[in-house]
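Only this structure's heavy atoms are used, side chains among them; waters, hydrogens and symmetry mates stay out. Here the structure is a predicted model, which is why all the values come from computation and not from measurement. Just follow the structure's listing: the first ligand is 1, and inside any ligand the first atom is 1.
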Amino acid sequence: MPELPEVETVKIGLNKLIPGLKITEVSHDTPKSFPNAQADVDQFLIGSGVVAVKRRAKILLIELSSKYSLVVHLKMTGQMVYVGKERFGAGHPNESLIGSLPDKSTRVTISFDNSAHLFFNDQRKFGWMRLIPTDEVSNIDFFKKLGPEPLAADFTAKDFKECLIRRVNSNIKAVLLDQTVIAGVGNIYADESLWGAKIHPETVVKDLSTVKINLLFKELRYVLELSIEKGGSTDRNYVNAEGKKGSYMSFARVFRREGQACQRCGTTIIKIRVAGRGTHLCPHCQKLKKAAK
Ligand SMILES: [Zn+2]
């Protein structure tokens with residue numbers, strides 16, 4: 001599933017290519033992937049120019065000169081591929097990133113005045129692309145419920161702690177994955193940051209010291225930033241803005257490394273289930289500590 005760093009990679013790549021281009025044509029197959037009234041499409045999408053590409057949590061926002069935005073949720077298998085003189089694709093990793101398009105996974109095709117096309121591909125059809133007035137975007141339910149951006153420049157360790165203690169009796173892994181607490185943290189980055197901070201994923205928030213919370217905050221930003229720098233987390237066919245394959249998975253220290261030695265202490269990494277998700281940890285570095293009663 002494309003997570004925050006992958007969506008950020010899509011944003012960075014598209015921002016180099018589509019601002020300033022005018023949309024000349026849009027086609028789609030299932031309305032589930034493109035739930036927009038034709039009258040709105042004709043009036044606010046066709047003929048408008050791309051102003052900028054932004055991101056909020058795992059959502060991509062393509063701002064248009066019509067004062068509308070295309071709001072894109074990639075969900076499980078969504079990806080965006082720009083094909084013109086240059087080619088850029090990111091999101092869900094599969095052959096469509098590099099193959100001939102449109103293909104059977106293409107849900108929406110946007111054509112530009114420079115003859116380039118932007119393809120929204122989504123094998124499993126859980127993703128969507130919605131046309132919404134730009135000044136209403138922050139008011140839609142989905143955004144209202146989202147917690148703060150972990151990478152925002154003004155988001156501090158103190159803010160992070162205040163977010164976590166809203167769920168003081170829950171385990172830290174569940175809280176990290178809760179999008180209403182902090183936006184955009186997925187399974188990989190939760191496991192990686194907890195390993196970095198030497199915190200057992202089942203530790204209850206109230207048992208975490210301020211020192212540990214500060215360390216977790218630092219580690220979470222570190223893994224997210226490193227992943228963006230490496231072009232996302234996927235370990236399969238992956239093309240980023242420069243046509244390189246994403247390589248974050250080769251930097252993962254605990255995620256999907258069960259049975260291998262912990263890089264810090266040599267103990268075998270194990271996989272357990274926490275918050276309904278496969279969870280990777282080092283049983284030596286990440287001991288489950290409970291505060292003294
Ligand atoms: Zn270890």
Side-chain angles (χ1 to χ4, degrees), residues 1-6 8 93 147 150-151 155-161 163-165 167-179 181-236 238 245-293:
M1 181 178 211
E3 299 204 31
L4 185 155
E6 289 82 68
E8 180 70 12
L151 292 177
F155 186 65
T156 64
K158 191 167 163 276
D159 298 331
F160 181 64
K161 185 180 176 184
C163 290
L164 298 187
I165 58 178
R167 288 192 58 187
V168 78
N169 293 314
S170 303
N171 71 60
I172 185 64
K173 169 113 186 207
V175 175
L176 284 177
L177 293 177
D178 182 345
Q179 303 298 299
V181 175
I182 303 150
V185 179
N187 206 27
I188 299 172
Y189 305 100
D191 283 7
E192 288 293 312
S193 59
L194 288 167
W195 181 89
K198 298 190 187 176
I199 296 170
H200 192 288
E202 289 177 311
T203 308
V204 176
V205 169
K206 67 177 178 218
D207 294 336
L208 285 171
S209 65
T210 300
V211 171
K212 277 287 185 192
I213 290 175
N214 288 346
L215 190 58
L216 179 60
F217 175 70
K218 208 175 120 214
E219 285 292 327
L220 181 62
R221 285 178 59 135
Y222 167 76
V223 296
L224 290 171
E225 279 165 1
L226 179 67
S227 182
I228 291 164
E229 192 189 311
K230 299 298 169 196
S233 64
T234 174
D235 49 350
R236 290 170 53 200
Y238 190 90
K245 288 184 177 183
S247 56
Y248 179 75
M249 284 304 283
S250 57
F251 287 80
R253 302 163 301 181
V254 67
F255 191 77
R256 286 204 200 139
R257 292 179 64 88
E258 64 270 28
Q260 297 181 47
C262 169
Q263 293 172 17
R264 209 161 31 204
C265 74
T267 304
T268 304
I269 302 286
I270 59 165
K271 184 179 178 184
I272 61 170
R273 259 188 119 65
V274 182
R277 302 294 297 273
T279 296
H280 309 77
L281 69 132
C282 170
H284 178 75
C285 294
Q286 296 168 268
K287 290 209 171 78
L288 187 55
K289 287 189 190 109
K290 291 207 170 106
K293 293 243 162 74

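- Within the sub-2.8 Å shell of the Zn ion (ligand 1), the protein contributes these N/O/S atoms: C262 SG, C265 SG, C282 SG, C285 SG.
- No side-chain heavy atom of T279 sits less than 4.5 Å from a side-chain heavy atom of L194.
- Within a 6.0 Å radius of NZ in K198, other residues, nucleotides and ligands contribute 12 heavy atoms or fewer.
- Contact check for H284 versus K287: side-chain heavy atoms found under the 4.5 Å cut-off.
- The number of heavy-atom neighbours closer than 6.0 Å to CZ of F155, taken from other residues, nucleotides and ligands shown, is above 12.
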Practice problem: For the pair N187 and K173, evaluate side-chain contact (heavy atoms from CB on, under 4.5 Å) and give the outcome as yes or no after the intermediate values. | Solution: CA-CA 9 Å; N187 206 27; K173 169 113 186 207; 2.5 Å; yes
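- Using a 4.5 Å heavy-atom cutoff, the side chains of L281 and V274 are not in contact.
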